[in-house]
Amino acid sequence: MNIAQDNALEKVYRPGDVEVALARNWACRKREQATHDPRPTFSMVIPPPNVTGVLHIGHALNVTLQDTLVRFKRMNGYDVLWVPGTDHAGIATQNVVERQLTQEGKDWRALGRDGFIRRVWEWRATSGGTIVTQLKRLGALCDWEYERFTMDKGCSRAVREVFVKLYQEGLIYKDKRLINWCSHCQTALSDIEVTHKETNGHLYKIAYPLAGEDGEIVVATTRPETLLGDTAVAVHPEDARYVALIGKRLRLPLTESQIPIIADAAIDPAFGTGAVKVTPGHDFNDEAIGKRHRLPVENVLTPDGKLAVTTRTGPYAGENMAKARDRIVADLKTASLLRGVEAHAHAVGVCYRCATVVEPYLSEQWFVRMNDPKNSLAKVAMEAVRRGDIHLIPKEWEANFFGWMEDIQDWCISRQIWWGHPIPAWYCGGNDKGMCLPSCKGPIVSVGQPDACPVCGSTHLIQDTDVLDTWFSSALWPFATLGWPTDGDGASEVWLRRFYPTSTLVTSHDILFFWVARMIMMGLYCMKEIPFKDVYIHALVRDKEGQKMSKSRGNVIDPLSVIDRYGADALRFTLLAMASPGRNIQLTEERIEGYRNFANKLWNAARFIQMQPAPQAISPAVAADASPADEWITGRLNQTVHAVHEAMNAYRFDEAAAAVYQFVWHQFCDWYLECVKVGTPTKTQETLLKTFQAILKMMHPFMPFITEHLWGIFGAAQYGQVSLVDAPYPNAVPVDGQASDAFETMMIATVSSIRNLRGEMQIAPSERLECEIYLHNAVAKERYTRYLPYICALARVSIRTIEVGRAAVPKGSTAVSTIPIKDGEMDVILSESYLVAQADRLSKALGKLKTERDRIEAKWDNPLFMERAPESVRAALTTDLDALKKKEAVLCADLARVNGALKR
RNA sequence: GGGCGAUUAGCUCAGUGGUAGAGCGCUUCCUUCACACGGAAGAGGCCGCUGGUUCGAUCCCAGCAUCGCCUACCA
C-alpha cells in the first residue's frame with residue numbers, strides 16, 4: 001500500500017491552493033485555557049502597525065521573524081502568547097479622515113470635535129482592519145482573540161492612569177517654550193519626530209546699520225525671513241572686530257525697531273561673519289541665548305506657518321515663510337543691505353509624517369521629564385540594559401541606545417489634534433458668578449472627570465483640548481495589552497504576571513528611540529519590572545540598489561503580490577535567510593523565486609515518497625539493521641536539528657534557514673532519495689518516512705504552509721491527527737557519527753570522483769563504465785562492499801572486482817584511469833579512444849596537486865613554523881602531505897601508463 | 001563636526017588566526033520513470049588600500065580610501 005494514494009499531488013506546487021485555507025484555520029485558533037499550566041511561557045506583543053497602514057515588506061519581515069519564533073517555541077513545549085493589535089496613529093489617521101472629508105466637499109472643522117471623532121471611528125470600523133487581515137495571510141499565528149487597539153477601553157484607561165501618576169510625581173509638567181511645530185499638521189512634535197534633511201540652502205549676509213551713528217554689523221544667516229523676530233545681534237565677547245560695538249544698538253532692517261548688540265561666548269567668531277542675529281522666538285539656540293541675556297521674545301509666526309501681524313511684520317504679514325524669504329531678500333537688496341549670498345549646505349528639520357519644514361514655535365505644551373534628579377526615567381532604563389536585564393540583539397545597538405539616552409531631552413507629549421487620547425486635565429471655568437480665583441489657574445489632573453474645582457468649587461470645568469502623542473500609549477503596550485491596570489482582580493492579575501515581562505520584542509531599529517526606549521522607561525516605571533528580556537532588532541528592507549523602498553521611488557516590492565505569485569512560504573523563507581544581524585536586507589524577486597523553487601523541491605520529494613511502499617510501522621528508535629544510507633541520513637538529520645536549535649536560540653534566523661535548506665536539498669534530496677531509488681528494504685521505507693516527517697516538523701516555523709499541508713498527508717495520522725502547529729519539534733539524538741562520515745568520504749566521494757572523470761573526459765552519462773576496486777585493508781573492503789549498490793547505480797558503473805591489495809597493474813591494452821579513493825584506489829576501465837583526453841586530465845590534476853604540495857612544503861620547510869605552530873596544526877599538515885603524495889603517485893603512474901600506450 | 005557600521009565570486013550575502021563558502025547568475029552536458037521551479041560537471045576571489053602584531057592575517061591592531069546609517073546649536 002502506498003502512502004495516501006488518494007492524496008495525489010500535482011506535479012508543481014501551487015501555494016495558492018493550500019495557503020488561503022490554512023491561513024484562515026490558523027486565524028480561528030483559540031487558546032486553550034489551562035488553570036495550572038506547568039509549561040514555561042514565551043510571550044510577545046506585536047509592534048502594533050499603524051491602523052491606517054497596508055502591509056509593506058517591512059511588516060512582512062517583522063511578522064515573519066516573530067511568527068517563526070512563536071511556532072518554534074510552541075513546538076518546543078512553551079505556553080506561547082502573542083498579542084496582536086494596531087496603534088491609532090493620531091496624526092496619520094487624522095490626515096486620512098481629513099482628506100476623505102475634503103473629497104466629500106466637507107470641512108472637517110465644521111463637523112466639530114465630537115462629530116469628527118465619530119467619523120474616525122466609522123473609518124476604523126470599515127477600513128481600519130486592512131493590515132490585520134494581511135498579517136493573517138502571512139500566516140501569523142497570533143492569539144487573535146486578544147487583539148488590541150491603542151484607543152480601546154483598556155489602553156485608554158492605562159494611559160490616563162499613567163498620566164495622572166506621572167503628573168502627581170512631578171514627572172509630567174506643562175510649560176511655555178519653543179517646541180517643534182509642523183504647520184501642515186498644525187501640531188507640536190517631539191524631537192525625534194523631526195527628521196533632518198540635508199538641504200542645499202544659502203548663507204545670506206545682511207547688514208544691520210548702527211543706530212544714530214555710522215557703521216554696521218553684517219550678520220550671516222540661513223533664514224533671513226526670521227529677522228523680523230530678532231531681538232539682538234550677538235558676537236563673541238573677545239572678537240576684536242566687534243568688541244567696541246558691544247552694548248550699542250542696531251536698526252533692524254525693514255522695520256522701525258532697534259535691537260542691542262550683545263556678547264555671548266557661544267558665538268563662533270570663525271563662522272560666517274562672526275555676528276549672529278538672535279531670534280529667541282524662532283530658534284532653539286537663540287532661545288537659550290535670549291534666556292541668558294533676558295531678551296524679549298518676538299513671535300512672528302502663525303500656527304499655519306505664515307507671518308503673523310505684529311508691529312514689525314508690516315507688509316509681510318500673512319505671507320508664508322518661503323514667499324516671505326524671497327520678498328525680504330529682494331527688499332534687503334533694494335535697501336542695499338544685502339552683502340552677499342553663498343551656497344550653504346545644512347540640515348533642515350522636517351516633519352516625519354508630512355515632510356513640511358518644522359518651525360520652532362513658542363507655545364504651551366505638556367512634557368514628560370526624562371531626567372528628574374530624584375526619579376530619572378532615562379537613568380533607570382539605561383541601568384536595566386547595562387545590567388543585562390534587557391539584551392539588545394545584535395549588541396552593537398547598545399552603544400547607539402546609550403548615546404541617545406544620555407542626552408535625552410524632555411518629551412513633548414501634547415498634540416494639537418483631535419484624534420487621540422484626550423489629556424486628562426481640566427481647567428476651572430469659574431464659580432457661579434463666572435469668576436475664577438487666582439489659585440484655580442492650575443490644571444486639575446484626574447483619571448476620571450472631576451466633579452468640581454478643588455479650589456473654588458465651581459462645577460464649570462473645561463477639559464484640555466490637546467491629545468497625547470500616539471507613542472505615549474504605545475509605550476504602555478507591553479503591559480496595557482496584558483490587562484494593566486487589573487484593579488487587583490485575581491484572574492487578571494495572574495494572567496498579567498504570567499506573561500509580563502514579555503520574552504522577546506522583535507522590532508526594527510528605526511523605532512528604537514520612538515518606542516523601545518520609551519517602553520523600557522514606562523515598563524520600569526509602572527510595573528517596576530522590565531517589559532521584555534530580549535530585543536531583537538532587525539534591519540530595514542531595501543531594494544537591490546540599497547535604496548529605501550518608497551512609493552515615490554516606485555521601487556516597492558508589495559508583499560501581497562509576492563505572496564500571490566510565489567507563496568507566503570517563499571517570501572518568509574527569503575526574509576529569514578537574509579536576516580543576518582546588523583545588515584539591511586536588499587531584496588530581489590530572483591531570490592524569492594529561488595526559495596519558491598525550494599518549496600517545489602520539497603513538494604516533489606513528497607511526490608516521490610508517495611510512490612514508495614509505505615512502512616509497516618514507525619518505531620522511535622534508530623533501526624539496528626538500517627542501510628548505510630539510512631544511518632547516514634539519520635546522522636545528518638540530527639546534526640541539522642542541532643544546528644537549527646543553536647541558531648534559533650541565538651536569533652540567527654539566517655543560519656537556521658541555511659542549515660535546513662542545505663540538508664533538505666543537498667543531502668536528503670540529492671543523495672538520500674537517490675539511494676532510496678537503488679532499493680528500498682523495509683528499514684529504508686521506515687527511515688524515509690521518519691526523516692521526511694522530521695523535515696516537515698523542523699521546517700514548519702520557516703515554511704508553515706507547505707509543511708502543514710504535507711503533514712496532513714504524511715504525518716498527522718501517526719500523531720493522532722494533530723496539526724503540525726502542535727507537534728513536538730525534533731530533538732537531536734546521539735547517532736554513530738563514524739558511519740555517517742564513512743558514507744560521505746567513501747560512497748559520496750567515490751561517486752563524485754567518477755562523475756568528475758566523466759565530466760572532464762566528456763564521457764556520456766549514459767555510458768556504463770567498468771571498474772575495479774583495490775583497498776588497503778579489510779575494514780575498507782567491508783564498507784565499500786556495503787556501498788557498492790549505491791556506487792554502481794549513482795555513478796553508472798559495474799564493479800568487476802573488489803579486493804584488498806593490488807593483484808596486478810592494469811592491462812596495457814586498455815586505457816585505465818586510476819582514481820584515488822579513501823583507503824584505496826579504483827581503476828576505471830576506458831576504451832582506447834579516451835587516451836588523449838585522459839592524458840590531459842591527468843596533467844591538469846597533477847598540476848593542481850603540485851601547487852597544493854608546494855604550499856604545504858613551504859610551511860614544512862619553515863623552521864619557525866615547526867618550532868612554534870601547535871602540534872595539532874603540524875599533525876594535520878603531515879596527514880595532508882601524506883595524502884597528497886599518495887594521490888600524486890597514483891596519478892603519476894597512471895600518466896606514465898597512458899603516455900606509454902599513446903607512444904605505441 | 002562627532003559616533004557607529006560596511007568593504008569577501010558578476011550580483012546579494014555568510015564565515016574563520018592555519019587549503020575561502022552559499023544562493024542567484026554564467027559555461028558545458030543531460031528531456032534518467034519526484035522535480036527543467038530539475039540533474040551532473042565546471043569557470044570565476046591579491047577577502048578595499050597601506051603598515052603593524054604573529055611561525056602564519058581575509059580574520060587581531062593602527063592609519064587611509066570609498067559607501068551607508070545615526071547624531072549634532074556653527075547661525
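Source: prediction; values computed, not measured. Proteins come first, then strands; the chains are lettered A, B, ... in the order of their sequence lines, and each starts at number 1.
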Exercise for review: Answer yes when A:Arg652 and A:Glu646 have at least one side-chain N-carboxylate O distance shorter than 4.0 Å, and no when they do not.
Suggested key: no
Check your understanding: In whole angstroms, how far is the P atom of B:C74 from the NE2 atom of A:His202?
Key -> 19 Å
Check your understanding: Using atom P of each nucleotide, how far apart are B:G25 and B:A20 to the nearest Å?
Key -> 26 Å
**Study point:** Ring center gap for A:Tyr661 and A:Trp665 short of 6.0 angstrom
**Key:** yes
Point to revise | Nearest-Å distance once atom C1' is located in both B:G5 and B:G44 | key: 29 Å
Point to revise | Under the ring pair (Phe, Tyr, Trp, His ring centres under 6.0 Å) test, residues paired with A:Tyr651 that sit two or more places apart | key: A:Tyr536
Practice item. Can you tell me which stems RNA chain B forms, taking runs of 3 or more consecutive Watson-Crick or G-U pairs with both distances under 3.5 Å? Key: B:1-7 with B:65-71, B:10-13 with B:21-24, B:26-30 with B:38-42, B:48-52 with B:60-64
Study note, to complete from the structure: With the side chain defined as heavy atoms from C-beta on, A:Asp670 is closest, among B:A75, B:A14, B:G39, to B:G39
Review point. Is A:Ile856 touching bases, backbone alone, or none of the nucleic acid, heavy atoms closer than 4.0 Å?
Key: nothing
Practice item. Decide salt bridge (charged side-chain N to carboxylate O under 4.0 Å, His left out) for A:Glu342 and A:Lys205; before the verdict, give the C-alpha distance in whole Å, the side-chain angles of both, and the deciding distance to 0.1 Å. Key: CA-CA 8 Å; A:Glu342 292 167 13; A:Lys205 294 186 175 166; 2.7 Å; yes
Check your understanding: Can you tell which of B:U19, B:A34, B:G18 lies closest to the side chain of A:Val873?
Key -> B:G18
Exercise for review: Have a look at A:Glu852 and say if it touches a base, only the backbone sugar-phosphate, or nothing, with a 4.0 Å heavy-atom cut-off.
Suggested key: base
Review point. Any idea which of B:A40, B:G18, B:A43 is nearest the A:Lys848 side chain?
Key: B:A43
Review point. Which nucleotide sits closest to the side chain of A:Ser752: B:U19, B:A34, B:A41?
Key: B:A41
Revision key, fill the gap. The side chain to side chain donor-acceptor pair (under 3.5 Å) partners of A:His196 (sequence neighbours excluded) come to none
Exercise for review: Identify whether any heavy atom of A:Glu398 sits under 4.0 Å from a base atom; if not, whether one sits that close to sugar-phosphate; answer base, sugar-phosphate or nothing.
Suggested key: nothing
Study note, to complete from the structure: When rounded to whole Å, the CD1 to P distance for the pair A:Ile748 and B:A40 reads 11 Å
Study note, to complete from the structure: Among the nucleotides B:C37, B:C73, B:A36, whichever has the atom closest to the side chain of A:Asn285 is B:C73
Practice item. Answer yes if the ring centres of A:Tyr595 and A:Phe702 are under 6.0 angstrom apart, and no otherwise. Key: no
Exercise for review: Sticking with atom C1', work out how far B:G18 lies from B:C59, rounded to a whole angstrom.
Suggested key: 12 Å
**Study point:** Distance-only donor-acceptor test (3.5 Å): side chain A:Lys677, base B:A34
**Key:** yes
Point to revise | Rounded C1' spacing from B:U8 to B:C46 in Å | key: 12 Å
Review point. Closer to the 5' end of RNA chain B via nearest nucleotide, is it A:Leu203 or A:His196?
Key: A:His196
Check your understanding: Does A:Lys885 pair with A:Glu888 as a salt bridge, N-O distance under 4.0 Å?
Key -> no
Check your understanding: How would you label the contact of A:Arg607 with the nucleic acid (heavy atoms, under 4.0 Å): base, sugar-phosphate, or nothing?
Key -> sugar-phosphate
Practice item. Not counting sequence neighbours, which residues clear ring pair (Phe, Tyr, Trp, His ring centres under 6.0 Å) with A:Phe663? List them please. Key: none
Check your understanding: When the P atoms of B:A43 and B:C37 are considered, how many whole Å apart are they?
Key -> 26 Å
Check your understanding: With a 4.0 Å cut-off on heavy atoms, is A:Met866 in touch with a base, just the backbone sugar-phosphate, or nothing at all?
Key -> nothing
**Study point:** Euclidean distance, atom CG of residue A:Asn604 to atom P of B:G38 [Å, nearest integer]
**Key:** 10 Å
Check your understanding: Between A:Asp191 and A:Asp283, who's closer to the 5' end of RNA chain B by nearest nucleotide?
Key -> A:Asp191
Check your understanding: With a 4.0 Å cut-off, would you call A:Lys850 and A:Asp854 a salt bridge?
Key -> yes
Revision key, fill the gap. Checking B:A14, B:A41, B:C37 against the side chain of A:Ser580 (C-beta onward), the nearest is B:A14
**Study point:** Nearest listed nucleotide, side chain of A:Asp880, among B:A40, B:U19, B:A34
**Key:** B:U19
Practice item. Find the distance A:Ile289:CD1 to B:C73:C1' and express it as a whole number of Å. Key: 9 Å
Exercise for review: Consider only side-chain N and O atoms of A:Gln610 and A:Arg607, and report whether a donor and an acceptor are under 3.5 Å apart.
Suggested key: no
Point to revise | Side chain of A:Phe271 - closest among B:C55, B:A75, B:A34 | key: B:A75
Point to revise | Length of the line joining A:Trp671:CH2 and B:G39:P, which is rounded to integer Å | key: 13 Å
**Study point:** Atom P, compared across B:G45 and B:G2: separation rounded to whole Å
**Key:** 39 Å
Review point. What distance, rounded to whole Å, do you find between the two C1' atoms, one in B:G21 and one in B:G68?
Key: 25 Å
Review point. So what does A:His344 touch, heavy atoms closer than 4.0 Å: a base, only the sugar-phosphate, or nothing?
Key: sugar-phosphate
Point to revise | Polar side-chain contact A:Lys11-B:C35 base: donor and acceptor under 3.5 Å | key: no
Review point. Do A:Arg339 and A:Thr273 have a side chain donor and acceptor closer than 3.5 Å?
Key: no
Just the table, please: protein N/O against nucleotides 6-10 of chain B N/O, every pair under 3.5 Å.
unit_1 : atom_1 : unit_2   : atom_2 : d
B:U7   : OP1    : A:Arg583 : NH2    : 3.4

Review point. Taking atom C1' in both B:U71 and B:C64, what distance in whole Å separates the two?
Key: 24 Å
Identify each atom pair where a protein N or O and an N or O of nucleotides 22-28 of chain B are less than 3.5 Å apart, giving names and distance.
unit_1 : atom_1 : unit_2   : atom_2 : d
B:G23  : OP1    : A:His666 : NE2    : 3.2

Point to revise | Whole-Å distance separating the CZ atom of A:Arg758 from the C1' atom of B:C29 | key: 12 Å
Check your understanding: Are any of the side-chain nitrogens in A:Glu852 or A:Arg855 under 4.0 Å away from the carboxylate oxygens of its partner?
Key -> no
Point to revise | Side chain of A:Lys601 - closest among B:G5, B:G39, B:U54 | key: B:G39
Study note, to complete from the structure: Closest of B:A40, B:A34, B:A75 to the A:Ala220 side chain is B:A75
Practice item. Using atom CZ of A:Phe653 as one end and atom P of B:A14 as the other, report the distance to the nearest whole Å. Key: 15 Å
Check your understanding: Rounded to the nearest Å, what distance is computed from the CZ atom of residue A:Phe865 to the C1' atom of nucleotide B:G56?
Key -> 8 Å
